[in-house]
Amino acid sequence: MPELPEVETIRRTLLPRVVGRRIADVEVREPRLRRRIPPSFAARLVGQRIDGIERRAKYLLFRLASGDAMVAHFGMSGTIVIHDAPAAPGQHDHVRLRLSDGSELVLNDPRRFGLLLLVSPGEIEDLPELRHLGDDPLQGDIRADRFAAALRRSRRPIKNLLLDQTVLAGMGNIYANEALFRSRIRPTRRAFRVRVAEAEDLLRAIRQVLREAVDLGGSSIADYRDGNGRPGYFQLRLQAYDRAGKPCVHCGATIRRVVQSGRSSFYCPKCQH
DNA sequence: AAATGAACCTGTTTGC
DNA sequence: TGCAAACAGGTTCATT
């Protein structure tokens with residue numbers, strides 16, 4: 001579910017409600033996520049103060065006063081919501097963190113593809129999950145020529161390359177499709193066939209679509225919710241994703257769906273080449 | 001060695 | 001109507 005804009009929205013909504021609070025109690029109701037949550041998790045977390053939340057691509061790092069970090073990833077169906085007061089746990093509420101002000105952070109993830117780790121300061125930069133991440137399109141300065149060079153080196157379809165988190169990190173299926181639609185590049189085109197000027201356009205489109213999606217609080221296709229339990233609104237602006245059979249907003253041609261490496265791609269056969 | 005497909009899960013939608 | 005298949009926002013591992 002959550003791609004960069006959704007994860008950033010969760011970060012922003014949680015931030016003012018957790019910073020400065022201590023973790024008073026931890027309940028792991030279901031430890032079997034992508035990696036099993038170890039028995040030591042709860043005890044190590046209790047008593048720690050949350051100093052901030054950092055985002056790296058689709059990961060959130062809850063910075064703790066001790067220097068430790070709680071790293072969260074939401075897989076396809078996960079989210080973290082904060083409640084003013086403890087509520088009865090719902091289905092798939094796997095981890096509950098009670099904070100010092102009486103509020104409660106809840107990790108919910110029906111498919112359990114998500115991840116929750118507690119790492120000590122020395123381990124953070126060595127985490128395999130974080131170490132291989134490419135540039136975050138909304139952080140730092142990505143050089144367009146470096147991006148173009150990466151495309152030139154690859155024979156795979158451009159869409160697959162955009163989903164590969166080691167090149168650019170943060171895009172998923174929705175925003176890869178949207179960025180390609182905006183830059184009029186067909187998802188099936190091999191990356192090395194994308195011209196330098198087109199690569200520059202594509203990078204601009206990627207940043208633009210991600211920024212707009214963050215501004216609208218992400219996309220709620222089925223059940224995504226932010227840290228306050230509220231939906232995003234970018235799904236109303238989707239021009240390609242999940243629009244197979246519908247008319248292209250530019251030319252009226254029928255949007256097509258193809259499957260690439262097991263993921264759906266959507267494109268306008270007339271606008272995108 | 002890059003690149004594809006299967007696997008990991010549960011829930012919802014689609015099609016016969 | 002009912003049931004099975006297909007599909008879903010992601011990542012990782014095994015296999016070509």
Side-chain angles (χ1 to χ4, degrees), chain A residues 1-11 29-37 55-60 71-81 90-94 107-117 127-134 136 150-180 187-193 206 209-210 213-214 216-226 231-238 240-245 257-266:
Chain A
M1 167 206 332
E3 307 181 30
L4 185 154
E6 290 76 28
V7 176
E8 175 62 17
T9 301
I10 293 171
R11 189 188 75 82
R29 307 180 70 237
E30 171 55 87
R32 295 174 303 164
L33 304 185
R34 190 161 96 214
R35 274 160 61 174
R36 186 179 190 90
I37 298 175
R55 181 184 61 76
R56 294 201 196 173
K58 301 175 193 171
Y59 292 84
L60 288 185
V71 178
H73 187 278
F74 301 108
M76 290 279 256
S77 58
T79 190
I80 292 181
V81 171
Q91 200 176 21
H92 307 305
D93 284 349
H94 302 316
L107 172 79
N108 183 284
D109 184 1
R111 295 178 73 177
R112 307 206 316 268
F113 289 169
L115 193 66
L116 205 53
L117 302 171
L127 271 186
E129 283 86 352
L130 301 179
R131 246 186 32 207
H132 302 118
L133 290 176
D136 185 312
L151 300 202
R152 215 172 304 129
R153 272 184 257 117
S154 173
R155 300 185 53 74
R156 52 211 301 224
I158 181 66
K159 158 83 180 316
N160 294 28
L161 182 137
L162 294 183
L163 292 181
D164 179 346
Q165 304 294 303
T166 67
V167 184
L168 292 183
M171 251 177 306
N173 208 27
I174 295 178
Y175 301 106
N177 276 294
E178 293 301 307
L180 288 166
T188 50
R189 198 192 322 171
R190 289 172 184 268
F192 73 96
R193 299 267 184 223
I206 287 167
V209 74
L210 292 176
V214 169
L216 290 181
S219 301
S220 293
I221 303 296
D223 49 17
Y224 160 74
R225 294 294 181 273
D226 69 19
Y233 294 95
F234 192 78
Q235 71 278 8
L236 303 172
R237 303 272 260 266
L238 296 176
Y241 181 81
D242 206 21
R243 295 199 69 246
R257 171 182 178 270
V258 295
V259 175
Q260 300 181 269
S261 300
R263 315 295 306 278
S264 290
S265 298
F266 304 88

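Lettering of chains follows the sequences in order, A, B, ..., and the numbering in each one begins at 1. As the structure is a prediction and not an experimental result, all values here were calculated from the model.
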Phe74(A) and side-chain contact (heavy atoms from CB on, under 4.5 Å): which partner among Ile80(A), Leu115(A), Asn108(A)? Ile80(A)
Report each atom pair, protein N/O against N/O of nucleotides 6-8 of chain C, whose distance is under 3.5 angstrom.
{"residue": "dA8(C)", "atom": "OP1", "partner": "Ser264(A)", "partner atom": "OG", "Å": "2.6"}
{"residue": "dA8(C)", "atom": "OP2", "partner": "Ser264(A)", "partner atom": "OG", "Å": "3.4"}
{"residue": "dA8(C)", "atom": "O3'", "partner": "Tyr241(A)", "partner atom": "OH", "Å": "3.4"}
{"residue": "dA8(C)", "atom": "N3", "partner": "Arg111(A)", "partner atom": "NH1", "Å": "3.1"}

List for me each residue that meets side chain to side chain donor-acceptor pair (under 3.5 Å) alongside [X], sequence neighbours excluded, and say none if there are none.
X	value
Lys159(A)	Asn173(A), Ser265(A)
Arg36(A)	none
Arg11(A)	Glu8(A)
Ser77(A)	Asp109(A)

Requiring both pairing distances under 3.5 angstrom, list the stems that contain DNA chain C and are made of three or more consecutive Watson-Crick or G-U pairs. B:2-8 with C:10-16, B:10-16 with C:2-8
Residues forming a salt bridge (charged side-chain N to carboxylate O under 4.0 Å, His left out) with Arg56(A), sequence neighbours excluded: Glu54(A), Glu125(A)
Quick one: list whatever passes salt bridge (charged side-chain N to carboxylate O under 4.0 Å, His left out) with Arg35(A), sequence neighbours left out. Glu129(A)
Just N and O in the side chain of Lys58(A): are any of them under 4.0 Å from OP1 or OP2 of dG9(C)? no
Round to the nearest Å and state the distance from Ile10(A) atom CD1 to dG9(C) atom P. 16 Å
More 5' along DNA chain C: Glu6(A) or Glu129(A), using each one's nearest nucleotide? Glu6(A)
Students should find that the nucleotides of DNA chain B closing off the region near chain A, any atom under 4.0 angstrom from a heavy atom, are dA3(B) to dG11(B)
Would you mind listing every salt bridge (Lys or Arg N to Asp or Glu O under 4.0 Å) that reaches into residues 166-178 of chain A, with sequence neighbours excluded? none
Residues from residues 154-165 of chain A lying under 4.0 Å of DNA chain B - heavy atoms: Ser154(A), Arg155(A), Arg156(A), Pro157(A), Asn160(A)
Is Phe113(A) stacked on the base of dG10(C), with ring centres under 5.5 Å apart and planes under 30° apart? yes
Please name all residues satisfying side-chain contact (heavy atoms from CB on, under 4.5 Å) with Gln165(A), sequence neighbours left out, ordered by chain then number. Lys58(A), Leu133(A), Ala169(A)
